[in-house]
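First up is the structure itself, then whatever we jot down about it.
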Amino acid sequence: MRLYNSRTLKVEEFKPLVEGEVSMYVCGPTVYNHIHIGNARPIIVFDTLRRVFEAEGYNVKYVSNYTDVDDKIIKKAHEEHRPEVEITQEYIQAYNDVRHKLNAHDLYKTPKVTETMDDIIDFIDELIESGHAYEVDGDVFFRVNSVKTYGEISHQNIEDLQVGARIDENEKKESPLDFALWKNTDMGIKWKTKWGEGRPGWHTECVVMIQKEFGKNMIDIHGGGTDLRFPHHENEVAQCRAIHDTSLANFWLHNGMINIDGIKMSKSLGNFTLAKDVLNIYGPQLVRWVMLSAHYRMELNFSDEVFETAKKELDKVMTSYKQANIKLGLMNEKLGVEFDTQLYREFLDQMNDDMNTPNAYAIIFETVKKLNQVLRVKEIDPNEVSKYAVTLEKMLEVLGIEYSRIPLTDDDKILFAKWNEAKAEKNYELADTYRNQLSERGLV
RNA sequence: GGUUCCUUAGCCAAGCUGGUAAGGCAAUAGACUGCAACUCUGUGAUCGCCGGUUCGAGUCCGGCAGGAACCUCCA
């Protein structure tokens, strides 16, 4: 597996820290609202990455969190006169519903901030004790200048950042770049600490959860949207550097944004479409197919036209697969276990090449073409049909595209026989009747 | 202004360590078919612009133009 590492700006050969095992963390949602379709991209991208690793025999430990403590959540709770937990539970469920529909596998662990609070407080304490953080009136800030490597993820140098940094109204900070680890607060849910009551800053949560859930301060892969590189991921690393002097993760992976008319879809811009709505309109399979049709690091423009084209592509693949099932059924044969190892290997090689899904799709179309070719000959060889159909299944499995084997009932077979008989007798009226019946069963 | 990245046929989109451009959609010409659908076969680009390195560059270097993300919460 070769992966583009945002930390080094290069494609590198992946070597796991522990033989045969992959530790992977992806920043999860802040659960104050339904996710939009842009938020669904990392779900699909990293689930697919996990499937590739698993296809290669790795044991993958994939962790993703729920940020269930946040200003927006508190604000919403306040406005709706509801407890925070009610809101977070609602949107965690909505998020998981989207994940399941998208056929994303279950995660190794899904920590919540509220359940990690003791560790977060301890960690902040440790940062203060070591001089990397300081407390002012109940707030705690991270002292960015105390970490020499600051900028290693976003590739910015501190001077440039300081020039560009907006003058913060918060004059408590020593430097405008310093970020909050703990916010003193009197509104909403809060925790008591020795420096005051409040809640943690966003950047601290992820580092702590990684360390806690994996039991170490260095993992294989940390993923997320490219918009999280700075400041979020930079600040995560800074904290880890401060205490452990590691880059937290060997590989930093970032997926590209989903655009609307060339502009990033975002909640703040308001140009977003909710994932659940897109799933209802196009169906989860098509969404997954579209998401993987472009390389994960590239921007992906979101439009009806993209979906229309993708639908034709996916239909082509699934139609071929369905035909294989039906033809085998009519021959009283079944799909076996043999597959074209060479085609499958080529497919996996593309997936291993920094998840080159466009090239992997090309292999799929090649497989589909071969399947169609063996389906079209006069004397169909069931072994050949099965071979390519099973090859296709294995590829779809890696991509997370669902398929289902179609068992033909005796009734179905009789109907096919009648249809053929009517055609042979040139009784097309009757033939169309049977065809319509088969069509209703989704067999034509 | 700084950082990172993108610009390939009508559209979408690959192209790693340089040797004359994957795949898909659309279009078009055939084949198959009772009709239709499906399918199969054939047909298209010199790679934003300029310059450099090289025997040779889409692929490396420099410059220019256009676009995006980040520098503020955001996948």
Side-chain angles (χ1 to χ4, degrees), chain A residues 2 4 6 9-11 26-30 32-33 35-46 64 67 70-72 151 153-157 159-166 168 176-177 179 202 223-234 254-259 262-269 272 275 290 293-295 297-301 303 305-317 319-320 322-323 350 353-354 356-366 368-373 375-377 422-429 431-432 435 439 444:
Chain A
R2 290 149 42 78
Y4 181 83
S6 299
L9 304 179
K10 282 187 294 206
V11 175
V26 176
C27 294
T30 300
Y32 70 101
N33 203 339
I35 60 165
H36 66 239
I37 194 64
N39 299 308
R41 193 172 189 186
I43 294 177
I44 295 168
V45 164
F46 292 104
S64 188
T67 300
D70 178 86
D71 288 2
K72 294 191 183 96
I153 298 297
S154 57
H155 303 281
Q156 315 236 10
N157 64 58
E159 289 74 31
D160 290 336
L161 285 169
Q162 276 170 338
V163 170
R166 180 181 287 179
D168 205 310
L177 288 179
F179 55 91
W202 180 38
T226 188
D227 53 348
L228 295 185
R229 282 174 70 161
F230 190 91
H232 185 52
H233 291 166
E234 191 67 63
H254 294 101
N255 61 272
M257 298 291 99
I258 285 190
N259 290 176
I263 303 292
K264 173 189 171 186
M265 183 185 291
S266 75
K267 286 172 184 161
S268 44
L269 284 176
F272 62 88
V290 165
S293 65
H295 188 93
R297 282 191 277 118
M298 297 296 108
E299 289 161 1
L300 180 59
N301 215 49
S303 68
E305 198 184 350
V306 166
F307 277 90
E308 280 162 23
T309 301
K311 185 172 186 334
K312 288 176 189 162
E313 294 176 351
L314 186 57
D315 280 351
K316 180 176 181 165
V317 174
T319 299
S320 180
K322 188 164 87 176
Q323 280 303 311
Q350 291 302 333
D353 185 14
D354 194 29
N356 194 328
T357 49
N359 275 344
Y361 275 29
I363 308 290
I364 287 195
F365 285 117
E366 189 181 335
V368 166
K369 183 169 287 188
K370 290 198 168 169
L371 180 55
N372 284 328
Q373 283 168 340
L375 280 169
R376 201 172 188 275
V377 296
K423 278 193 290 185
E425 290 169 0
K426 304 206 179 195
N427 186 344
Y428 298 124
E429 220 171 300
D432 285 347
R435 184 168 69 184
S439 177
V444 169

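Chain naming here is simple, since letters A, B, ... match the order of the sequence lines and numbering starts at 1 in each. The basis for the numbers below is simple: all heavy atoms, side chains too, and nothing from hydrogens, waters or symmetry mates.
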*Can you sort out the partners of A:Asn301 under side chain to side chain donor-acceptor pair (under 3.5 Å), two or more places apart, ordered by chain and number?*
none

*Considering Watson-Crick and G-U wobble pairs with both distances under 3.5 Å, what does B:U17 pair with?*
none

*Who pairs with A:Ser303 by side chain to side chain contact (heavy atoms under 4.5 Å, CB included), at least two apart in sequence or on another chain?*
A:Glu305, A:Val306

_So A:Ile258, base contact, sugar-phosphate only, or nothing? Heavy-atom distance under 4.0 Å._
base

_Value in whole Å for how far the P atom of B:A75 lies from CD1 of A:Ile43_ = 11 Å

*Under a 3.5 Å cut-off for both distances, is B:A57 Watson-Crick or wobble paired, and to whom?*
none

*Please determine, for B:C5, whether a Watson-Crick or G-U wobble partner exists with both distances under 3.5 Å, and give it or none.*
B:G67

*Would you kindly compare A:Gln156 and A:Gly256 by the position of their nearest RNA chain B nucleotide and give the one closer to the 5′ end?*
A:Gln156

*Please give, in whole Å, the distance from B:A68 P to A:Phe230 CZ?*
21 Å

Nucleotide N/O of nucleotides 16-20 of chain B paired with protein N/O under 3.5 Å:
none

*Write down the distance between NZ (A:Lys72) and P (B:C73), rounded to a whole number of angstrom.*
9 Å

_I need the NZ-P distance between A:Lys264 and B:C73, as an integer number of Å._
11 Å

_Minimum-distance nucleotide to A:Ser268 side chain [options: B:A75, B:C73, B:U41]_ = B:C73

*asked:* Suppose you measure atom C1' in B:A65 against the same atom in B:A26; what distance do you get, rounded to whole Å?
replied: 30 Å

*Whole-Å gap separating C1' (B:C70) and CE (A:Met257)*: 10 Å

_Do A:Ile37 and A:Phe272 make a side-chain contact, defined as non-hydrogen atoms from C-beta onward lying under 4.5 Å apart?_
no

Which atoms of nucleotides 4-8 of chain B (N or O only) lie under 3.5 Å from a protein N or O atom, and what are those distances?
residue, atom, partner, partner atom, Å
B:C5, OP1, A:Tyr4, OH, 3.4

*How is A:Gln373 classified with respect to the nucleic acid when contacts are heavy atoms under 4.0 Å: base, sugar-phosphate, or nothing?*
sugar-phosphate

*For A:Asn372, all residues meeting side chain to side chain donor-acceptor pair (under 3.5 Å), sequence neighbours excluded*: A:Ser320

*asked:* Distance check, C1' atoms only: B:G56 and B:A13, in whole angstrom units.
replied: 27 Å

*Distance, rounded to the nearest Å, where A:Asn372 contributes CG and B:U41 contributes P*: 9 Å

*Figure out the NE2/P separation between A:His233 and B:C71, and round it to whole Å.*
13 Å

*What interatomic distance, in whole Å, is found between P of B:C6 and the corresponding atom of B:U39?*
35 Å

*asked:* Which nucleotide, if any, forms a Watson-Crick or G-U wobble pair with B:A29, using both distances under 3.5 Å?
replied: B:U41

*Taking only the side-chain nitrogens and oxygens of A:Asn157, find out if one of them lies under 4.0 Å from OP1 or OP2 of B:U3.*
no

*Under the salt bridge (Lys or Arg N to Asp or Glu O under 4.0 Å) test, which residues partner A:Lys369, sequence neighbours left out?*
none

*asked:* Applying salt bridge (Lys or Arg N to Asp or Glu O under 4.0 Å), can you list everything that pairs with A:Lys267, at least two apart in sequence or on another chain?
replied: none

*Taking atom P in both B:A22 and B:A9, what distance in whole Å separates the two?*
14 Å

*Say you pick atom P in B:C38 and the same atom in B:U28; how far apart are they, in whole Å?*
14 Å

*Across the strands shown, which category fits A:Asn39 at heavy-atom distances under 4.0 angstrom: base, sugar-phosphate, nothing?*
base

*Would you mind classifying the nucleic acid contact of A:Asn255 as base, sugar-phosphate or nothing, using non-hydrogen atoms under 4.0 angstrom?*
base

*Searching all strands shown, indicate the nucleotide that pairs with B:G62 (Watson-Crick or G-U wobble; both distances under 3.5 Å).*
B:C50

*Pick base, sugar-phosphate or nothing for A:Gly151, based on heavy-atom distances below 4.0 Å to the nucleic acid.*
nothing

_Whole angstroms only, please: what is the CD-P distance between A:Gln323 and B:U39?_
10 Å

*What residues, two or more places apart in sequence or in another chain, satisfy side chain to side chain contact (heavy atoms under 4.5 Å, CB included) together with A:Val317?*
A:Trp289, A:Ile364, A:Phe365, A:Val368, A:Leu392, A:Leu396

*Taking for each residue the nucleotide of RNA chain B with the nearest heavy atom, is it A:Leu300 or A:Met265 whose nucleotide lies nearer the 5' end?*
A:Leu300

*Using a cut-off of 6.0 Å, state whether more than 12 heavy atoms not belonging to A:Lys311 lie near its atom NZ.*
no

*With sugar-phosphate meaning primed atoms plus P, OP1 and OP2, does A:His232 contact a base, only sugar-phosphate, or nothing at under 4.0 Å between heavy atoms?*
nothing

_Can you list everything that forms a side chain to side chain donor-acceptor pair (under 3.5 Å) with A:Thr309? Sequence neighbours excluded, please._
none

*Could you give the distance separating B:G52 and B:G58 at their P atoms, to the nearest angstrom?*
15 Å

*Apply side chain to side chain contact (heavy atoms under 4.5 Å, CB included) to A:Ile263 and A:Leu269, showing your working.*
CA-CA 10 Å; A:Ile263 303 292; A:Leu269 284 176; 3.9 Å; yes

*The side chain of A:Ala294 lies closest to which of these nucleotides: B:A75, B:A13, B:C11?*
B:A13

*Who passes side chain to side chain contact (heavy atoms under 4.5 Å, CB included) against A:Ser6, sequence neighbours left out?*
A:Tyr4, A:Arg229, A:Trp252, A:His254

_Can you build the contact string for nucleotides 23-35 of chain B? Use B for base contact, S for sugar-phosphate-only contact, and - for no protein heavy atom under 4.0 Å._
SSSS----BB-BB

*Check side chain to side chain contact (heavy atoms under 4.5 Å, CB included) between A:Ser293 and all other residues, then give those that pass, not counting sequence neighbours.*
A:Tyr361

_Using a 4.0 Å heavy-atom cut-off, does A:Gly262 contact any base of the nucleic acid, only the sugar-phosphate backbone, or nothing at all?_
sugar-phosphate

*Could you check which nucleotide pairs with B:A36 in any of the strands shown, counting Watson-Crick or G-U wobble with both distances under 3.5 Å?*
none

